[in-house]
Amino acid sequence: EGVETWNLSIQYKILKEARLDRLCTLFFEEEKKGEDCDGVVRGQIIRVIAACLFGHKLAEKKFSESTTGRSVIESGLGIAKEGSSGAPPPASLRRSSLFFLKNLLLSSS
């Protein structure tokens, strides 16, 4: 019970203070720097975002409908934007992103 209460209070604080935007920004900064070759840092960011969202229907909906949220998922999956020809993301990042997307879709239904 104590851990669940702690997790909920942290989740609400992160959502209330719009920290998800900061996490998304951090994801793209790591991508831009090009130092996260193995995708570990970006994969961890995806997992933190997922932990903040899951179980909070409004937050899940807002993230799913936002351009930034979709861009994070698309980037993690390696869905190329028109005119870009970058290398696909590492397999570990694609797995984390796919797991996140799958859970996001299943929790919405």
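Sequential numbering from 1 along the given sequence is applied to the chain's residues. None of the values given here were measured: they were computed from a predicted structure.
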task: Please identify each residue that fulfils salt bridge (Lys or Arg N to Asp or Glu O under 4.0 Å) with Glu65, with sequence neighbours left out.
output: Lys61

task: For residues Pro90 and Cys37, report the shortest heavy-atom separation together with the two atoms involved.
output: CG-O, 3.0 Å

message: Suppose we screen for side chain to side chain contact (heavy atoms under 4.5 Å, CB included). Which residues come up paired with Ser66, at least two apart in sequence or across chains?
response: Thr68

- prompt: If you take all heavy atoms of Phe27 and Gly76, which pair is closest and at what distance?
  reply: CZ-N, 4.1 Å

message: Membership question, hydrophobic clusters at under 4.5 Å side-chain separation (ILVMFWY): are Ile45 and Phe99 in the same one?
response: no

- prompt: Are the aromatic ring centres of Phe63 and Phe100 under 6.0 angstrom apart?
  reply: yes

field: Hydrophobic cluster membership, Leu93 vs Ile79, 4.5 Å side-chain cutoff
entry: yes

query: In chain order, what residues pass the salt bridge (Lys or Arg N to Asp or Glu O under 4.0 Å) check against Lys32, with sequence neighbours excluded?
result: none

- request: Let me see the working for Ser107 and Glu60 under side-chain contact (heavy atoms from CB on, under 4.5 Å), right down to the final yes or no.
  value: CA-CA 9 Å; Ser107 74; Glu60 290 173 359; 2.8 Å; yes

field: Pairs satisfying side chain to side chain donor-acceptor pair (under 3.5 Å), at least one member in residues 40-50, at least two apart
entry: Asp36-Arg42, Arg47-Ser96

query: Is any side-chain heavy atom of Arg94 closer than 4.5 Å to a side-chain heavy atom of Leu98?
result: no

message: So which atom in Leu23 and which in Val48 form the shortest heavy-atom distance, rounded to 0.1 Å?
response: CD1-CG1, 3.7 Å

- prompt: How far does CG of Leu53 sit from CG of Asn103, to the nearest 0.5 angstrom?
  reply: 11.5 Å

Phe28 and Val72: CA distance, side-chain angles, deciding distance, side-chain contact (heavy atoms from CB on, under 4.5 Å) verdict: CA-CA 8 Å; Phe28 291 117; Val72 167; 3.6 Å; yes

task: Nearest 0.5 Å please: distance from the CZ atom of Arg22 over to the CD1 atom of Ile49.
output: 11.5 Å

- request: Taking side chain to side chain contact (heavy atoms under 4.5 Å, CB included) as the test, write out the residues that go with Leu101, two or more places apart.
  value: Ile73, Leu77, Leu105

